[in-house]
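Presented below is the structure to which this report refers.
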Amino acid sequence: FPTTNGQAANLVLGQANFTGATANAGGISAQTLSQPYGCASDGTRFFVGDAANNRVLMWTSIPTVNRQAANFVLGQTNFTGATANAGGLNAQALSSPREIFSTGTRLMVSDRSNNRVLIWNSMPTANRQAADRVLGQPGFTTGTANNGGISSQTLNEPYGVYLDEIGRAS
């Protein structure tokens, strides 16, 4: 980790080198990104919200080389898909995911364009694994902003997520 201001990065994800800046350079894959927003680590795994590709990429260990391929993808059936809510709005779908938070045993993703937060009660171990819980919507198949009116149970384009030490989401 950086120890001084202005310290150069050690590696780059989503590009072949530090001078590249093309979205999905070389084509959408387990190694490319388009509009990455949030990233998180639980000390072992690493996650990136890949907003324009409507997915979250997951590495089972902290990446150590440039353009390292992700191990799993959430929100898409495979690493070459990028459609919002691929397969329909459900517990497996994402549309412009932003921030991610992991406790090491749970995973939370702000699913911005679906106006919800998805929670996996255990770490995903397969592509397109379904979430266990949804916040901000009455169920997994709706994504309307402030569904049913503004209240403590609705969301409108959530960006950040966090889970405190005793398990309360915010």
Side-chain angles (χ1 to χ4, degrees), residues 12-16 20-42 45-63 67-103 105-148 153-163 169:
V12 63
L13 296 175
Q15 299 294 326
T22 304
N24 294 322
I28 187 170
S29 72
Q31 298 172 294
T32 60
L33 296 165
S34 182
Q35 293 184 6
Y37 272 81
C39 62
S41 174
D42 60 13
R45 291 168 284 262
F46 188 72
F47 312 89
V48 175
D50 189 11
N53 287 328
N54 301 293
R55 65 186 188 172
V56 169
L57 294 181
M58 178 180 164
W59 287 261
T60 55
S61 61
I62 306 291
R67 202 172 180 176
Q68 185 167 327
N71 300 97
F72 298 110
V73 61
L74 300 175
Q76 300 295 328
T77 55
N78 57 48
F79 289 108
T80 59
T83 304
N85 298 323
L89 185 55
N90 56 44
Q92 299 167 304
L94 291 169
S95 182
S96 195
R98 293 293 201 249
E99 295 295 329
I100 301 150
F101 183 82
S102 173
T103 63
T105 56
R106 290 171 139 178
L107 180 69
M108 299 177 68
V109 175
S110 64
D111 188 13
R112 181 181 165 262
S113 292
N114 285 327
N115 302 292
R116 65 187 187 174
V117 170
L118 296 178
I119 300 173
W120 286 260
N121 289 329
S122 59
M123 268 314 133
T125 57
N127 289 344
R128 196 171 162 82
Q129 187 166 324
D132 298 300
R133 294 183 57 204
V134 61
L135 302 177
Q137 296 296 324
F140 288 108
T141 59
T142 59
T144 305
N146 294 318
N147 196 336
Q153 296 175 323
T154 64
L155 294 170
N156 184 0
E157 297 187 0
Y159 275 77
V161 292
Y162 179 77
L163 190 67

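Values below: every heavy atom of this structure, side chains too, minus hydrogens, waters and symmetry copies.
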Value rounded to 0.5 Å, distance of CG in Leu74 from CZ in Arg55:
11.0 Å
Donor-acceptor pair, side chain of Arg128 and main chain of Ala86, under 3.5 angstrom:
yes
Ala69: partners by side chain to side chain contact (heavy atoms under 4.5 Å, CB included), with sequence neighbours left out:
Ala30, Gln31
Report the distance from atom CG of Asn156 to atom OG1 of Thr144, rounding to the nearest 0.5 Å.
10.5 Å
With sequence neighbours left out, write down each residue that passes ring pair (Phe, Tyr, Trp, His ring centres under 6.0 Å) with Trp59, or none if nothing qualifies.
Phe46
To the nearest 0.5 Å, tell me how far Asp111 CG sits from Glu157 CD.
11.0 Å
Compare all side-chain heavy atoms of Asp132 with those of Ile119 and state whether any distance is below 4.5 angstrom.
no
With Asp42, which residues qualify under salt bridge (Lys or Arg N to Asp or Glu O under 4.0 Å), at least two apart?
Arg45
Does the Ser110 side chain pair with the main chain of Glu99, one donor and one acceptor, at a distance under 3.5 Å?
yes
Thr154 side chain to Asn146 backbone, donor-acceptor under 3.5 Å:
no
Do any pairs count as a side-chain hydrogen bond (donor to acceptor under 3.5 Å, both in side chains) and have a residue in residues 74-89, sequence neighbours left out, and if so which ones?
Asn78-Thr80, Asn85-Asn114
Nearest-0.5 Å distance that lies between atom CE in Met58 and atom OG in Ser102:
8.0 Å
If you round to the nearest 0.5 Å, how far is CD of Gln153 from CG of Leu135?
10.5 Å
Any donor-acceptor pair under 3.5 Å linking the side chain of Trp120 with the backbone of Ala130?
yes
Going by heavy atoms in the side chains, are Val56 and Ile100 under 4.5 Å from each other?
yes
Checking the side chain of Arg116 only, and the main-chain atoms of Phe140 only, is there a donor and an acceptor separated by less than 3.5 Å?
yes
Under 3.5 Å: donor-acceptor pair, side chain of Asp50, backbone of Ser34:
yes
Can you tell me how far the CG atom of Leu57 sits from the OG atom of Ser29, to the nearest 0.5 Å?
8.5 Å
List the residues meeting ring pair (Phe, Tyr, Trp, His ring centres under 6.0 Å) with Phe72, not counting sequence neighbours, and say none if there are none.
none
For Leu94 and Gly75 the tightest heavy-atom approach is CD1-CA, 3.7 Å
Gln137 backbone acceptor or donor facing Asn147 side chain under 3.5 Å:
no
Val12 vs Arg67, side-chain contact (heavy atoms from CB on, under 4.5 Å): CA-CA, chis, key distance, verdict
CA-CA 6 Å; Val12 63; Arg67 202 172 180 176; over 6 Å; no
Just by distance, no angles: are the side chains of Thr105 and Thr103 close enough, under 3.5 Å, to form a donor-acceptor pair?
yes
When you measure from the side chain of Asn54 to the backbone of Ala82, do you find a donor-acceptor pair of N or O atoms at a distance under 3.5 Å?
yes
Name the one of Thr125, Asn127, Thr60 that satisfies side-chain hydrogen bond (donor to acceptor under 3.5 Å, both in side chains) with Asn71?
Thr60
Please list, chain by chain and in numerical order, all residues satisfying salt bridge (Lys or Arg N to Asp or Glu O under 4.0 Å) with Arg98, sequence neighbours excluded.
none
